[in-house]
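This report concerns only the one structure given below.
The first residue in the sequence is number 1, and the count goes up from there. What's counted below: heavy atoms across the whole structure, side chains too, no hydrogens, waters or symmetry copies.
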Amino acid sequence: MIAALLLLFAQLLDGTDPVFACLASVCIVLSAVTFNLLNGLATTSGAFVFFMAIPTFLVLIIIKVFTWEPTDKHFEHPMITITATALGWAGILVAAGLSRRFSTRRNIVHFTVRDLENLKNTSAGLLVIGLFSQVLLTNYNTGGTGTIWTALNQLNIFIPMATILATYYEICISRGTRSMNWIVLVSIFYVAGFGFIAASKQGMYQPFFSYFLVCAALEYRFRPLQVIAMLGWLAFAVGFMFPWAQYARSMTRQATLTGTVDATISLLRDPQTIPAMYSWYSDSLKANEDVNQVSLCYDHPHGLMDRESLICQDDRLIDLTEHNGPTGIEYLIDGFEMMIPHFLWPSRVNLSLGNIYGRDTGQASDEDYTTAVAWAPVGDAYRELGWSGVVVVMPIMYFFTFIILNGVFGDARESPWGLVLVAYAALVAPGMLLPVHPQIWGHYIPLILLVMWITRYVAPQVAVLFGFRKVRAKIVMPGQELVPKARGVRNTL
């Protein structure tokens, strides 16, 4: 509440319209209350709220205050956009409150002492399965739909899961004194290395985020040297990895892995690559500032932070809707249809609203059917159904999503399975458009449950086949000494 009042006061001083500033502060308060009502990052539903609020509007408000420019500047319809955002968050708050009345104290996913004892072998087995799956996909996946390789590509979250499970295990077995082992290191640098080769921001950032997520959930205390190393990595991520991803992706991404590796090596061997990268990046920021200030939402570009201001994208969709009217319920129906697997319905629609809206708003060319632009939930709800989409339909969708997430996974700290969903929320929550909700219910959650079954019963046996011994050690269960929780982990042995 104090932070919201300080931001309100700062916005009034920098020339923001008083009504806009008040509604922006209301959005902050509503999102914070919703987050706390869902028990914060302790639940997967709370994680979805957290990772939705930050990149949709909170980052923009903070940056505009620090750069001392009016928050409502560069919006086409500032009052409609901020009013829709406030009403949307009010609806999500109501959905969160109602979902608590249907929550159960028991969830589907159980985590036992035996699971924790096997966790190192489980993570090692996942590492082996993930590496083997990557070899198969590299050599045999043709990029089609409805094939066994498409299914394996969707299932192939084994190595990121290995990072989470191995970190969780190491913190528990060391009683909070260590967080790294060889599995954590191999899985992080494998994924980050592939991300660097492919110039993928998600690939480079996600493994480190997964590691820090587990450390935060188990309240791991970093030593001073570790803090210095993290600050150094953060500076490297913003100062080099982001410009590299922007500059190199058009040159390194080839049809085959061998071609991508060769292109990356050739680029790195050229001594002019790094100077050319920074020169190109500086020129691109200047071009964006000169040509397309409205989409930036700022007087000057801020690189990575420009992508974390999705309320500007909401404004674009609202402007489009004000001129052309809502699209109707068709996209939401398509979202429900996409719950059915391709092998059961080969001709079903393959909806990509990121691409459709990109072409509608001019952020992608009319002939571009592959580029997906990021959008936020409020703008999509307004684009599809107008005010009824924001006030009625979107809260209903979140109501069912909260019930399902809490019923399946419960407390995210209770087991590493919940932390997998929290990591997933960081990627999905900002773009939880209306058609995405049914895909979460009927596709992604069952997919993650299947991977969990493989993780629990298959991965430890794979590790044993490759020579890993079962670990018999004194294990500290989360909840006893490491993590204060409402209820302890169930021991079903």
If every non-hydrogen atom of [X] is compared with every non-hydrogen atom of [Y], which pair is closest and at what distance?
X      : Y      : result
Met338 : Val349 : CG-O, 3.5 Å
Pro326 : Thr321 : N-CG2, 3.7 Å
Ala376 : Thr56  : CB-CG2, 3.8 Å
Leu317 : Asp380 : CD1-N, 3.8 Å
Lys64  : Lys73  : NZ-O, 3.0 Å
Thr163 : Tyr211 : CG2-N, 4.3 Å

Non-hydrogen side-chain atoms of [X] and [Y] separated by less than 4.5 Å:
X      : Y      : result
Ile356 : Leu353 : yes
Cys215 : Ile171 : yes
Ile403 : Ser45  : no
Asp314 : Tyr382 : no
Phe57  : Trp89  : yes
Phe132 : Phe158 : no
Met432 : Thr401 : yes
Pro438 : Met397 : yes

Discussion item. In terms of relative ring orientation, are Phe50 and Phe35 parallel, tilted or perpendicular, with 30° and 60° separating the classes?
Written reply: tilted
Does [Y] offer a backbone N or O that forms a donor-acceptor pair with the side chain of [X] under 3.5 Å?
X      : Y      : value
Ser31  : Ile28  : yes
Arg383 : Ile318 : no
Asp315 : His77  : yes
Tyr205 : Ala237 : yes
Arg359 : Glu367 : no
Thr71  : Ile61  : no
Ser200 : Phe196 : no

Discussion item. Could you go through Gln206 and Ser210, starting from their C-alpha distance and side-chain angles, then the distance that decides it, and tell me whether this counts as side-chain contact (heavy atoms from CB on, under 4.5 Å)?
Written reply: CA-CA 6 Å; Gln206 183 181 7; Ser210 299; 4.2 Å; yes
Enter the distance from [X]:[atom1] to [Y]:[atom2] here, rounded to the nearest 0.5 Å.
X      : Y      : atom1 : atom2 : answer
Asp72  : Leu60  : CG    : CG    : 10.0 Å
Ile159 : Ser133 : CD1   : OG    : 8.0 Å
Met339 : Asp334 : CE    : CG    : 13.5 Å
Tyr398 : Met52  : OH    : CE    : 4.0 Å
Met79  : Leu23  : CE    : CG    : 5.5 Å
Leu433 : Gln439 : CG    : CD    : 9.5 Å

Practice prompt. Please lay out, stage by stage, how Leu405 and Ile445 fare under the test side-chain contact (heavy atoms from CB on, under 4.5 Å).
Written response: CA-CA 8 Å; Leu405 288 174; Ile445 288 179; 3.9 Å; yes
Tell me whether [X] at atom [atom1] has more than 12 heavy atoms from other residues, nucleotides or ligands lying less than 6.0 Å away.
X      : atom1 : result
Tyr190 : OH    : yes
Phe209 : CZ    : yes
Tyr457 : OH    : no
Phe400 : CZ    : no

Scan the side chains in residues 384-394 for donor-acceptor partners under 3.5 Å anywhere in the protein, sequence neighbours excluded, and list what turns up.
from, atom 1, to, atom 2, distance (Å)
Glu384, OE1, Leu332, N, 3.4
Ser388, OG, Leu385, O, 2.8

Worksheet item: For the side-chain contact (heavy atoms from CB on, under 4.5 Å) test, which of Leu58, Val378, Thr85 pairs with Ile311?
Response: Thr85
Item to complete: Decide yes or no on side-chain contact (heavy atoms from CB on, under 4.5 Å) for Tyr357 and Tyr331, but give the supporting numbers first.
Response: CA-CA 12 Å; Tyr357 290 159; Tyr331 294 150; 3.8 Å; yes
Worksheet item: Mind checking whether Phe208 and Phe212 have ring centres under 6.0 Å apart?
Response: no
Discussion item. Tell me if the centroids of the rings in Phe20 and Phe75 come within less than 6.0 Å of each other.
Written reply: yes
Worksheet, complete the sentence: The side-chain hydrogen bond (donor to acceptor under 3.5 Å, both in side chains) partners of Thr167 (sequence neighbours excluded) come to none
Worksheet item: Which is it for Gln313 and Val373 under the side-chain contact (heavy atoms from CB on, under 4.5 Å) test, yes or no, and what are the steps along the way?
Response: CA-CA 9 Å; Gln313 296 290 72; Val373 182; 3.3 Å; yes
